[in-house]
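All values below were derived from every heavy atom in this structure, side-chain atoms included, with hydrogens, water molecules and symmetry-related copies excluded. In what follows, chains are A, B, ... by sequence order, proteins preceding strands, each numbered from 1.
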Amino acid sequence: MLKINNIRSGYGDVEVLHDLTFDVKHEIYAILGANGAGKTTLMKTIAKVLPLNGGEIHFKGENISGLTSYQVAAKGLAFVPQEGNVFPTMTVMENLSIGCVLQGKKSKKEKLEEVFDVFPDIYERINQKAGSLSGGEAQMVAFGRALMQESELLLLDEPTAGLSPKYVDMFFNKVKEIHEKKNVSIIISEQNAAKALEIADKIMVLNLGKIHFIEDCAKCVLSMIQEGYRI
Amino acid sequence: MGLLSGYVIYSLSFLLIYIALATILHLQFSITGIVNFGLVGFWGLGMYLFALLQTKLALPFLPALILACALVGMTALLLGRVILNLDGQAILVGTLAFATIIEYLTTTEKWATNGVMGLGTIKMPFDFGRSTDQVFFLLILLCLVLLILYTAKLKTSPYGRLLLSIKDNEVLAQSLGKPTFRHKIIFFTFTCILIGFFGALSAPLYNYIFPRMIGPGVTFTIWIALMLGGRTRLLGGMIGIVATVGLFDYFIETVVPIPTQYAEMVPNFKFALYGLMLILILMFRPLGILGDKKKEGVK
C-alpha cells in the first residue's frame, strides 16, 4: 500500500531522517522511538506537510513524492497530527463535517452515524466548541474526522500522548476495531511500546532518524518472552 | 423626504459606505484571518479607476463600474499571489505598502489623475432632479443590505466553514485535502473587488476626488471602528462605524454647537479620541462592544 524508498527529510538545513526505506501493507504499523527519534517528522513527511529532501514515496502504486499535502489527502491518506489536531473555534459538528467535503461515496449522515457509532462520547458534545474539549476528546474528534475522510491509510501521530490510562486503553481498542471493521491501514507512532505491541502487526523502531529494526510483532513478542521480558 | 436632504443624505451615504467597508474587513479578518491594512488602497483604486473610466474614456456608469471592479480584482489577484503565502505580519505590511503605492501613484501620475489638483467631475449614474441623491442613497443601502445578507449566509455555509478552518489551522486544513492557498487567494480577490465596488460607488458621491482622500487614515479609522464594534460579529462593523465616524464626523460636527474658534480642532481631536476609545475597549472588552455571543474556548 505504501512504499517508502530512501527518503530524507528535515527542517531547513537540519536533516532529521536519513535514508529510510520500508513498506506498509494492509496492517497496523507501529513506529516506536524515543523523543527526537524522528517519529513525527516521518509522519509529516509521508503526509507531505514537510518537504521531501530526497527519495520517493509510493502510495497505492502511485508516486506521490511531488504532490502537496492536500493532493495526498485527496488520494486517500489521512493525517492526524499530534498537536493542533482540531479547529478550536469551530464546533465538534463542524470539525467532523469538514472532513467529508472531499469524498462522496457515502452520504454525510451515514458517515456521521458511523463516527458516533465508534465514538459515542463525542455525540454529546457536537455543539461544543472544539477548543473547549479535553485532550482525549479532541483526539477522538480528530480521529473521527479522519474517518469521515473515508481514507485508506490513516497516519496517527502519537494519539495517546498526554491521555489518561483509561483513555489510552480505549483508544487502542478503537484503533484495532477500525482497522478490522473498516478495512483501513493504520500507521501509528507511539512511545508506549507495550501498548503498541498489543495491537500492531508490525513495528519499526526509529533511532536518531535511522531505522533501528523492523520486525513482525508476533516474532518480536516471542523473542522478548524468550529473553525473559514480561509483557 | 424633506428631512433627508442635502448634507444629511450625503453624510448618511458615506456612513453606509464606511459600514460596508468595515463589514468587508470583518469578512476578511474574522473568516480567513487576513489582516488587510491596505483597505484604502483597494477602495481608492476602485474610486480612481471608475473616475478615470468615466471622465477620460467617457464610459457610462455600469460599464465603468464593472471594468473598475475587474481591474481591482486583477490587482488583488497579483498582490495576493505575492503576499498571501507569507505570515500574518508580512501580509499586514504588504497590504499597507500597496495602499501607500496607490496613494503615491495618484499624486505623481498627473497625466491621468491631475495629481493633487484632483479629478472630476464624476457624474451620478441617473438624474432624478432634486431627489437624485436620495435615490443613490437607496442604491448604496441596497448594496449594503445584500453584503450583510451574504456575510451572514457565508458564516454558516460549508464554504465559510472551509475558510474558517484555514484561519484556525492552515496546515491541518491542508492535510484534510483543502487547497488552502487557492481558497485564500480567491476569497481575498473577491473581497477586494467588493472594496473596489464600494470605492467606485463613492466616486459619484464625492463628485471630485483627490489623493488626500485615500490616505491611511481611512484604513485605520475603519479598523478602529471594527475593533470597537466587535470584530467577530456580523454587525460589529456597523456599530463601530456609528460610534466613531457617525458620532464624530457627522453628529458632533453638524449637530453640536461648537464655537467657531474651536471648530477646527475637532478633526484632530477626533483621532486622539479614537485612540483612547480603542485602548479602553481593548482593556475592558477585548472582543468589542458586541463581544461574542458564544464565548469562544480559545482565542
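Other residues, nucleotides and ligands contribute at most 12 non-hydrogen atoms within 6.0 Å of the NZ atom of A:K3. Enclosure of atom OH in A:Y123 is not indicated, since only 12 or fewer non-hydrogen atoms of other residues, nucleotides or ligands lie within 6.0 angstrom.
At a 4.5 Å heavy-atom cutoff, the contact between A:V86 and chain B is made by backbone atoms alone. With a 4.5 Å cut-off on non-hydrogen atoms, A:N95 does not touch chain B at all.
Here B:Y18 pairs with nothing under the ring-ring contact (aromatic ring centres under 6.0 Å, His included) rule; sequence neighbours left out.
When every heavy atom of A:Q149 is checked against every heavy atom of B:S175, the shortest pair comes out as NE2-O, 3.9 Å. The shortest non-hydrogen separation linking A:I98 to B:R161 is CD1-O, 3.6 Å. Here the closest non-hydrogen pair linking A:M90 and B:L164 is CG-CD2, 3.8 Å. The shortest non-hydrogen separation linking A:G84 to B:N169 is O-ND2, 2.7 Å.
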Exercise for the section: Please report the C-alpha distance between B:L176 and A:F87 in whole Å, then the side-chain angles of each, then the deciding distance to 0.1 Å, and finally whether the side chain to side chain contact (heavy atoms under 4.5 Å, CB included) criterion is met. Expected result: CA-CA 12 Å; B:L176 287 173; A:F87 299 107; 3.7 Å; yes
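Separating the OH atom in A:Y70 from the NZ atom in B:K178 is a distance of 13.0 Å, to the nearest 0.5 Å. Here CG of B:D168 is found 9.5 Å from CD of A:E94. Values are rounded to the nearest 0.5 Å. Atoms CG and OG, on B:L172 and A:S69 in that order, are 10.0 Å from each other to the nearest 0.5 Å.
Residues from residues 34-65 of chain A that place a non-hydrogen atom less than 4.5 Å from a non-hydrogen atom of chain B comprise A:V49, given in numerical order.
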